[in-house]
Number of protein chains: 2
Amino acid sequence: MERKKTEIRREEIKKAVLEIIATEGVSKLSTRNLAKKVGLSEGAIFRHFQSKRDILLGIMEDVKIDLQNTLREISIELIPAEERFHKFLCAHINYLYKHQGITILLFSEAAHMNDFLIKEQLNGILKEQKLLISKIIRDGKSEGAFNKNLDEEMVATLYSGIPLSFNVETVLNKNKFNVKKFCANMYNLLSSVLK
Amino acid sequence: MERKKTEIRREEIKKAVLEIIATEGVSKLSTRNLAKKVGLSEGAIFRHFQSKRDILLGIMEDVKIDLQNTLREISIELIPAEERFHKFLCAHINYLYKHQGITILLFSEAAHMNDFLIKEQLNGILKEQKLLISKIIRDGKSEGAFNKNLDEEMVATLYSGIPLSFNVETVLNKNKFNVKKFCANMYNLLSSVLK
DNA sequence: AATTTTTGTAAATATCCGCTTACAAAAATA
DNA sequence: TATTTTTGTAAGCGGATATTTACAAAAATT
């Protein structure tokens, strides 16, 4: 029997979680089915994670490291605010597209398990995204590129709906979505809000 | 023991579902807890609905009748497209605020049970909302109030994110949300997209 | 008043869930 | 090579779930 180190198995398990959600739906995300997907016994899953909840938290940590770092970096790049906004949006959408299942997992499980830490984590992620967008808007204002009367908070709220409806559409329509087009079109629309 | 007609019990049960979700979370939505909330035995629940899934479908039917009819009517009112857009948005947000738990239920359960009919119903609801918005945009264009170059489909997608992020915020922050302000501010923002 | 239908209960059902335990063997370390 | 640590399995645990069954009594109908 082939054996692998914990760190590798942990990655395999987290990957399998997203795969199951994207292809079979959240209801099939049991430790039994997860074990089958990874090719291990159920007990082995609990060798690498203390609990199912811990797997979820691990995935949230990944989002924090991968997506949030990317977005944070974009938000302080030395390019015009307009360009930054565009890049930010595309990076965001791209990540969600590549990691299908992650939004459903986060929201569905955050709603399902009535778990304080998980809700807090999700809330933290969303709040930071809104803060970063607000910052870009503020920069755009002082650059003279954006309308000075804009309510940054509101723009950020409007923005935050985009990834959500993007996800709903991809899930419900299993769309062969043209991600680039979606992102470009949405940016065009938004740029008229900003100016 | 007081006895009531099926139609009344059905309403009580559906109401209890939303109450549980809004106050205790989706995880507490078991037939046991539901029966307790209504003040019946578990068996009685199944006297009035064939299955738990059927309760969900019943609630979706209510949304179709209450929310969708309201929105449909607003979309054809004989007032300027701008006003219609505003009214549409506010009615939409208001309904979701008054029926807290409904969005979580619809999305969370649609994601959870990988159920074709439920997904189709939800998809139908969202698609119609987008169609109605598209129609209002088109009317606004021919009235000369909206920018003729607008991509109606994209505006509708952008729009559809608003109720979603509204819900996420109310759920995650248990906000003492000022619904009217939210709606007015969001409309102001959007009207700059439209013109 | 007698009968049928509807609405209720209590208890049991099979199934699935996350997780633990007892044990084996591979891999790393000494 | 001998020992310890890590990674695996098989089986089973208690508990929760949606749903069913057998039966009682209220309400409606005759």
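Quick note on labels: first sequence line is chain A, next is B, and so on, each numbered from 1. Everything numeric here is computed off the predicted structure, so don't read it as measured data.
- Among the nucleotides C/dG8, D/dA18, D/dT7, the one closest to the side chain of A/Arg3 is D/dT7.
- Between B/Glu128 and B/Lys64, none of the side-chain N atoms (NZ, or NE/NH1/NH2) sits under 4.0 Å from a carboxylate O, so this pair counts as no salt bridge.
- Taking atom CD1 of residue B/Ile8 and atom C1' of nucleotide C/dT7, one finds them 12 Å apart after rounding to whole Å.
- Between the side chains of A/Ser27 and B/His112, not a single donor N or O lies within less than 3.5 Å of an accepting N or O.
- Nearest to the side-chain atoms of A/Glu42 among the listed nucleotides C/dC19, D/dT19, C/dT7 stands C/dC19.
- For the pair B/Arg47 and D/dT20, the criterion of a side-chain N or O lying under 4.0 Å from OP1 or OP2 is not met.
- A/Glu7 and A/Arg10 are not joined by a salt bridge, as no carboxylate oxygen comes within less than 4.0 angstrom of a charged side-chain nitrogen.
- Across the protein-nucleic acid pair, B/Glu7 atom CD and C/dT7 atom P stand 8 Å apart, rounded to whole Å.
- Per the geometry, CZ belonging to A/Phe49 stands 15 Å off C1' belonging to C/dG18, to the nearest Å.
- Of the residues in residues 55-63 of chain B, none lies under 4.0 Å from DNA chain D by heavy-atom distance.
- For the pair B/Phe46 CZ and D/dT20 C1', the interatomic distance rounds to 9 Å; values are reported in whole Å.
- In this structure, B/Arg53 atom CZ and D/dT19 atom P are separated by 10 Å, rounded to whole Å.
- With respect to A/Lys119 and A/Asp115, no salt bridge is recorded, no charged nitrogen being found less than 4.0 Å from a carboxylate O.
- Using a cut-off of 4.0 Å between Lys/Arg side-chain N and Asp/Glu carboxylate O, B/Arg53 and B/Glu109 are scored as not salt-bridged.
- Taking for each of B/Lys5 and B/Gln50 the nucleotide of DNA chain D with the nearest heavy atom, the 5'-most of the two is the partner of B/Gln50.
- Note on A/Ile45: nothing from the nucleic acid sits closer than 4.0 angstrom, heavy atoms only.
- Among all heavy-atom pairs drawn from A/Ser108 and A/Val26, the shortest one is OG-CG1, 3.9 Å.
- Out of D/dT7, D/dG8, C/dC19, the shortest distance to the side chain of A/Arg9 is found at D/dG8.
- Taking 4.0 angstrom as the limit, B/Thr6 places a side-chain polar atom (N or O) nearer than this to OP1 or OP2 of C/dT7.
- Scanning residues 21-36 of chain A for heavy-atom distances under 4.0 Å to DNA chain C yields A/Leu29, A/Ser30, A/Thr31, A/Arg32.
- In the hydrophobic cluster analysis, where Ile, Leu, Val, Met, Phe, Trp and Tyr join through side-chain heavy atoms closer than 4.5 angstrom, B/Ile76 is grouped apart from B/Ile136.
- Relative orientation of the B/Phe182 and B/Phe166 rings is tilted, given thresholds of 30° and 60° on the angle between their planes.
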Where do B/Phe107 and A/Phe107 land on the ring-ring contact (aromatic ring centres under 6.0 Å, His included) test, with the steps shown first?
-> CA-CA 9 Å; B/Phe107 284 90; A/Phe107 284 90; 9.7 Å; no
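- A/Glu12 has its CD atom 12 Å from the P atom of D/dT7, to the nearest Å.
- Close to D/dG8, at under 4.0 Å from its OP1 or OP2, lies a side-chain N or O of A/His48.
- Under the 30°/60° scheme for interplanar angles, the aromatic rings of B/His99 and B/Tyr95 are found to lie parallel.
- The nearest whole Å value for the distance from the CG atom in B/Leu40 to the P atom in D/dA26 is 16 Å.
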